[in-house]
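The shown structure was predicted, so the numbers you read here are calculated from the model rather than taken from an experiment. Start at 1 and go down the list; that is how both ligands and their atoms are numbered.
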Amino acid sequence: MGNFLAGKVVAVTGAGRGIGRAVALAAAAEGAQVIVNDYGVSIDGGEPSSEVAAAVVKEIEAAGGSATAVADDVSTMAGGQRIVDTALARYGRIDGVVCVAGILRERMLFNMSEEEWDPVVATHLKGTFTVFRAAAAVMRKQKSGTLIGFTSGNHQGSVAQANYASAKGGIISLVRSAALGLHKYGVTANAVAPVARTRMSANVPMELKEIGEPEDVAAFVVYLLSERARADGVTGQVYTVAGPKIAVWAQPAELRSVYADGGGWTPERVAEVVPGSVGVDPMPMLARLEEMARAAKAAKRPNT
Ligand SMILES: NC(=O)c1ccc[n+]([C@@H]2O[C@H](COP(=O)([O-])OP(=O)(O)OC[C@H]3O[C@@H](n4cnc5c(N)ncnc54)[C@H](O)[C@@H]3O)[C@@H](O)[C@H]2O)c1
């Protein structure tokens with residue numbers, strides 16, 4: 001066992017499987033006492049079971065660590081609160097929360113139902129809020145703590161997962177808001193966009209060029225939870241972790257601007273001035289889609 005997180009209490013949501021499980025095991029192996037939260041659901045959010053969280057607690061205990069299971073649904077305020085309250089009751093403090101829980105309900109936008117939209121946004125975005133909200137109230141008084149949200153490269157947009165992409169974009173804004181709002185209390189907030197082999201990524205229709213294992217992501221999350229990251233001033237950041245690659249995303253910023261002359265803007269003036277000055281910022285995801293469509297067409301062409 002290492003001691004990167006010695007003396008810390010860390011709660012991980014979605015810790016029963018995939019990346020969350022790897023984060024919980026790695027945090028425990030580095031000396032943290034861990035709250036293992038998992039609602040134990042299928043990939044689309046159905047059939048909950050408390051056995052999934054309990055099994056990871058057993059694994060941690062078998063390796064000599066300390067952990068407690070909470071099988072609540074993170075999309076409820078009571079669930080988020082119970083995760084933090086259990087940490088306080090069992091271990092007396094909460095130093096880090098890692099919100100990994102997630103589900104998928106894939107559908108094209110023009111066919112997507114309310115039953116496909118609401119639970120996906122509730123699990124990812126509200127499920128990060130409920131835990132951040134409960135933890136932030138304690139961390140503010142402690143004057144220390146680390147909040148970690150899980151986003152996705154899909155926050156740039158997605159062909160058939162508008163619900164998931166919207167929630168993942170929202171998590172980035174929530175993380176940046178937490179970083180700003182809690183800075184003066186010594187609390188940091190960051191987001192991780194992983195690419196790792198799990199049951200969820202097995203569903204991705206296209207071949208992923210860069211992918212790794214949940215353990216790669218877990219090592220980075222342990223760093224983010226540690227005093228080392230706090231000393232390095234890491235807050236308000238979005239990182240990709242894909243196997244051997246770690247990348248930081250740019251902060252959003254205005255790219256180009258133009259100002260109206262004395263007369264203000266009319267639709268005609270906008271049409272005259274804006275295309276040649278402000279213009280557009282080409283969408284890399286759209287270029288990639290077009291490239292994939294060309295490759296698919298070329299593959300279909302018979303050899304002559
Ligand atoms: N695997 C990837 O390549 C990848 C890529 C981008 C983003 N992500 C994100 O990383 C996170 C982990 O994904 P994964 O691939 O490990 O998925 P996974 O399906 O293996 O694990 C997700 C876990 O979350 C739990 N969960 C679902 N709803 C819950 C709820 N309401 N309350 C508590 N627990 C709940 C599930 O029971 C499951 O054990 C997700 O947020 C996902 O969107 C993963």
Side-chain angles (χ1 to χ4, degrees), residues 11-26 35-56 69-83 86 97-106 118-131 148-156 158 161 163-172 174-175 191-218 220-221 238-243 245 247 249:
V12 186
T13 77
R17 297 190 185 88
I19 296 166
R21 173 179 165 273
V23 169
L25 292 173
I35 300 297
V36 174
N37 162 256
D38 204 292
Y39 196 32
V41 286
S42 58
I43 199 156
D44 69 357
E47 303 150 57
S49 151
S50 59
E51 280 162 32
V52 178
V56 173
V70 176
D72 280 58
D73 175 358
V74 289
S75 70
T76 65
M77 294 303 283
Q81 192 65 50
R82 187 138 41 233
I83 291 166
T86 305
V97 295
V98 190
C99 295
V100 192
I103 61 168
L104 284 182
R105 292 190 185 184
E106 189 164 310
D118 282 350
V120 170
V121 175
T123 305
H124 290 272
L125 182 53
K126 187 176 173 193
T128 304
F129 163 70
T130 65
V131 180
I148 301 176
F150 264 65
T151 184
S152 160
N154 260 4
H155 77 266
Q156 298 171 94
S158 161
Q161 296 178 339
N163 47 0
Y164 179 83
S166 303
K168 291 308 199 186
I171 287 171
I172 292 179
L174 172 59
V175 159
V192 175
V195 193
R197 283 183 201 91
T198 66
R199 68 173 186 175
M200 197 185 273
S201 60
N203 261 21
V204 175
M206 59 181 149
E207 179 109 12
L208 293 165
K209 278 195 202 127
E210 292 180 312
I211 189 162
E213 301 305 325
E215 289 70 25
D216 299 314
V217 185
F220 186 72
V221 171
V238 181
Y239 292 99
T240 288
V241 183
K245 181 177 97 172
W249 289 75

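Ligand 1 places these atoms under 4.0 Å from at least one heavy atom of Thr123: 28 (N), 29 (C), 31 (N). Those atoms of ligand 1 that come under 4.0 Å of a heavy atom in Val100, given as number and element, are 11 (C), 12 (C), 40 (C), 41 (O). Atoms of ligand 1 lying under 4.0 Å from any heavy atom of Gly14, numbered from 1 in the order shown and given with element: 23 (C), 24 (O), 25 (C). Taking every non-hydrogen atom of Gly40 and a distance limit under 4.0 Å, the qualifying atoms of ligand 1 come out as 37 (O).
Considering backbone and side-chain atoms alike, Asp38 places an N or O below 3.5 Å from some N or O of ligand 1. Between Ala196 and ligand 1, at least one pair of N/O atoms sits closer than 3.5 Å. Residue Met200 places no N or O, backbone or side chain, under 3.5 Å from any N or O of ligand 1.
For the residue pair Glu213 and Ala196, the shortest heavy atom distance occurs at C-CB, 3.7 Å. A pairwise comparison of heavy atoms in Ser42 and Glu47 identifies OG-OE2, 4.1 Å as the closest pair. In terms of heavy-atom proximity, Ala71 sits nearest to Tyr39 at O-CD1, 3.4 Å. The shortest non-hydrogen separation linking Thr240 to Trp249 is OG1-NE1, 2.7 Å.
Only the side chain of Asn37 comes within 4.0 Å of ligand 1, counting heavy atoms alone; its backbone N, CA, C and O stay farther away. Heavy atoms of Val41 found under 4.0 angstrom from ligand 1 belong to the backbone as well as the side chain. No part of Ile43 comes within 4.0 Å of ligand 1, judged by heavy-atom distances. Contacts between His124 and ligand 1 below 4.0 angstrom, taking non-hydrogen atoms only, involve the side chain exclusively. Contacts between Lys168 and ligand 1, counted as non-hydrogen atom pairs separated by less than 4.0 Å, involve the side chain only.
For the pair Thr13 (side chain) and Ala101 (backbone), a donor-acceptor distance under 3.5 Å is present. Although no hydrogens or angles enter the test, the distance criterion places a donor-acceptor pair under 3.5 Å between the side chain of Lys168 and the main chain of Phe150.
Scanning Ala242, Gly18, Gly102 for the heavy atom closest to atom 22 (C) of ligand 1 points to Gly102. Across Thr198, Thr240, Val98, heavy-atom proximity to atom 15 (O) of ligand 1 is greatest for Thr198. By heavy-atom distance, the residue among Ser152, Gly153, Pro194, Ala22 lying nearest atom 5 (C) of ligand 1 is Pro194.
Scanning the protein for heavy atoms near atom 19 (O) of ligand 1, the closest one is Arg199 NE, 2.8 Å.
Applying the 6.0 Å contact sphere to CD of Glu215 captures more than 12 heavy atoms from other residues, nucleotides or ligands.
Side-chain contact between His124 and Ile171 is present, with heavy atoms from C-beta onward closer than 4.5 Å.
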